[in-house]
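Here the structure is laid out as structure tokens; the discussion comes afterwards.
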Protein chains: 2
Amino acid sequence: MARAAGVSPSTVSNLLNARDHLMQPETRRRVLEAMESLSYRPSRVAQQLRGAPNPTLGLIVPSVTNPFWGSWAAQLEGAFHAHGRQIYLCNSERDPERERAYVEQLWADGIEHIVLSTSLPSLDHLRPAMDAGVQIIAFDREHQETDPPELLNVSIDNEAGAWMATQHLIERGHRRIAFVSGAMSTISRQRRFAGYCRALSENDIPLDDALVPRSSDLGDADSGPLARTAVNTVLALDDPPTALVAVNDMFALSASAAIRDAGRDIAEFAVVGFDDIAVGSLISPALTTVQQPLRDMAEAIVRLTADEAGEPRPSLVFPPTLVVRGSTERRIP
Amino acid sequence: MARAAGVSPSTVSNLLNARDHLMQPETRRRVLEAMESLSYRPSRVAQQLRGAPNPTLGLIVPSVTNPFWGSWAAQLEGAFHAHGRQIYLCNSERDPERERAYVEQLWADGIEHIVLSTSLPSLDHLRPAMDAGVQIIAFDREHQETDPPELLNVSIDNEAGAWMATQHLIERGHRRIAFVSGAMSTISRQRRFAGYCRALSENDIPLDDALVPRSSDLGDADSGPLARTAVNTVLALDDPPTALVAVNDMFALSASAAIRDAGRDIAEFAVVGFDDIAVGSLISPALTTVQQPLRDMAEAIVRLTADEAGEPRPSLVFPPTLVVRGSTERRIP
DNA sequence: TTGAAAGCGCTAACAT
DNA sequence: ATGTTAGCGCTTTCAA
């Protein structure tokens, strides 16, 4: 391009990088004019080859179909937008191979920071990228003993959240409480289940495996069939539950639908979700759920990525909040 | 890297690009070994500087918070994944400036195809990128007279969809039908409104402006307050509506919540949405809505982006489908 | 105040 | 069967 303005590349570069104090107004004008008429944009690709960082942030989520992940993406996008930074969102379906491919693609595009919202126990598939200096921030995944030291984890206390949900039901008199989830192969789900177990145990309610239907499918893309099977299983028990804790709001809604479809009155049943998706407050009965402080978490991540490397940066755990609504109105005498 | 394997760069390049028929097994081994031990990945940045295309596809959506856009993103991602291609999702909040910035960022990263799911009437802000050869495919935006010829539009027939929704209500006996939307500044919303008007007109029902509350806010991120205001306005009329058509499912759910909050029995009211988000079928009453054939549309886009340039590629319009569920059960005698 | 030259990592044409 | 060279578009000395 520069050539077409009748000046040397370095002159253009100088102007581009605000090193134009000493520049002849006339020259500047000529260059600016040529830029405009050619609608020239400096090639970020060339800049990156020279070592400039790609300012964009990568965000990988398990399933954009689940509105929770959409809200999280929007929240994080908003927080970074306020700092003039953009986000590329990637959908992994929680497939480690897909996750690896996205991380390597972002890496290949020179992106330095990736927020990985996938709570898989092992992060081995990301080793090469991490070794190459890609900074990974894991979201929704509490710190593990075996994690590499450069990994940052940002999460709520999932165990505490599920404990609150379960404790709330117990306080309303429920003692037969099902736990509805897909596969529990992620760290956050394991923690949620642990919170459920602790609440039962603290209240001297024995854990009944029959109330925790198992599945090997995560149900991220579609919780419907899994929740239906689970609900039908527990409703068929001799001593069926009067309440259920779902591993997330989509499971809660799917389970509620299954209860209705089984001909039961949903008002006779208490349901608690997890995540606080927007529709939870629009439906009837409105969904009691556990809320994550997404805004605070997004801002913490903005700060983490702005930090100069080298400083000690601990993993962060945020407190969840129980939001009580109509779906847990009923009290058991 | 190559240097560290004791061979020339071209040798590495040859191997990388499967031009290794004539290669000494011993040499190949040495190179492969060095790659492995350094966990070497060819720099896509350098490759792009040499002219290689970035295989990733850009997808810009108005609001990842709306589950419809999440489903669309997942659908398109799945279709491209089947062809070994990845997608970067960007959230524009329907802000033209944000949209422009994302398009230019994708352009700067060497991405050639962008699916732009924003139905703004003018696309002037994207001219520079389009002139530079970035292929833009507009989704949810029917072709306009003033569109540049290289623009491809992929959309449903929004007018027909809204006509079906309104006609359905009329057939159930409703004659006072509100139209609930945020700002109608997008092409798809204008078309939907046109379909509503045509159905009324064909049935000799006068269009009553009082049943079409106006707003200047699109309500993409949060339809709640807009829907609430709209509902309260129409319910306060002397001759209030018995049914409503919403511009999308989120507005339908928000409006239903507002009706309930106003103390009305939702069963006395008929509601039709638009988009068929997953939760619509999980709630009670389940939401009657207009479905878009997302799978077909995603596959059409895969084909469009695979086409060699130069072939004539017309804009595509798909037919919507009315999905009747419980929210329009009631008949007016 | 501006320009010339080198080099980032890769590929393609050409040479050996 | 492998190496050499030039150049993609930019930035950064250094020189003029």
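Here is how names work: the chains are called A, B, and so on, in the same order as the sequence lines, proteins then strands, and each is numbered from 1.
Using a 4.0 Å cut-off between charged side-chain N and carboxylate O, A:R127 and A:E150 make a salt bridge. Between A:E26 and A:R29, at least one side-chain N (NZ, or NE/NH1/NH2) sits under 4.0 Å from a carboxylate O, which counts as a salt bridge. B:D131 has no carboxylate O lying under 4.0 Å from a charged side-chain N of A:R41, or vice versa, which leaves the two without a salt bridge.
Listed candidates were D:dG3, D:dG9, C:dT11. Nearest to the side chain of B:S10 is D:dG3. Side-chain atoms of A:V7 lie closest to C:dG3 of the nucleotides D:dG3, C:dG3, D:dG7.
Within the model, atoms SG of A:C90 and CG of A:L59 stand 7.5 Å from one another, a figure rounded to the nearest 0.5 Å.
In this structure, CG of A:L49 is placed 12 Å from P of D:dT11, rounded to the nearest angstrom. Remark: C1' of C:dA12 and CG of B:L16 are 14 Å apart, rounded to the nearest angstrom. Between A:N17 atom CG and D:dT12 atom P there is a gap of 6 Å when expressed in whole angstrom units. The distance between atom CD of A:Q48 and atom C1' of D:dC8, rounded to the nearest whole Å, is 15 Å. Between the P atom of C:dG9 and the CZ atom of A:R50 lies a distance of 10 Å, rounded to the nearest Å. Regarding A:R44, its CZ atom lies at a distance of 17 Å from the C1' atom of C:dC8, rounded to whole Å. Computed from coordinates, the A:R41 CZ to D:dG9 C1' distance equals 16 Å when rounded to whole Å. Atom-to-atom, CD of B:Q24 to P of D:dT2 comes out at 5 Å; the value is rounded to the nearest Å.
The terminal axes of the helix from C:dT1-D:dA16 to C:dT16-D:dA1, fitted over 5 pairs per end, subtend an angle of 50° to the nearest 10°.
A:S13 comes within 4.0 angstrom of a base, heavy atoms only.
By the ring pair (Phe, Tyr, Trp, His ring centres under 6.0 Å) test, B:F80 is found to be paired with no residue, residues two or more places apart in sequence or in another chain being considered.
For the pair A:N14 and C:dT2, the criterion of a side-chain N or O lying under 4.0 Å from OP1 or OP2 is not met. Proximity of B:T27 to the phosphate of D:dT2: a side-chain N or O atom is located under 4.0 Å from OP1 or OP2. One finds a side-chain N or O of B:Q47 lying less than 4.0 angstrom from the OP1 or OP2 phosphate oxygen of C:dT11.
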side-chain contact (heavy atoms from CB on, under 4.5 Å), that's the test. Do B:Q48 and A:D109 meet it? Break it down for me.
CA-CA 10 Å; B:Q48 273 174 227; A:D109 279 328; 3.6 Å; yes
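Taking for each of A:S43 and B:R28 the nucleotide of DNA chain D with the nearest heavy atom, the 5'-most of the two is the partner of B:R28.
Residue B:T11 places no side-chain atom within donor-acceptor reach of the base of D:dA1, judged by atom type and a 3.5 Å distance cut-off alone.
Between B:E112 and B:N54, the side chains place no donor N or O within less than 3.5 Å of an acceptor N or O (distance only, hydrogens not considered).
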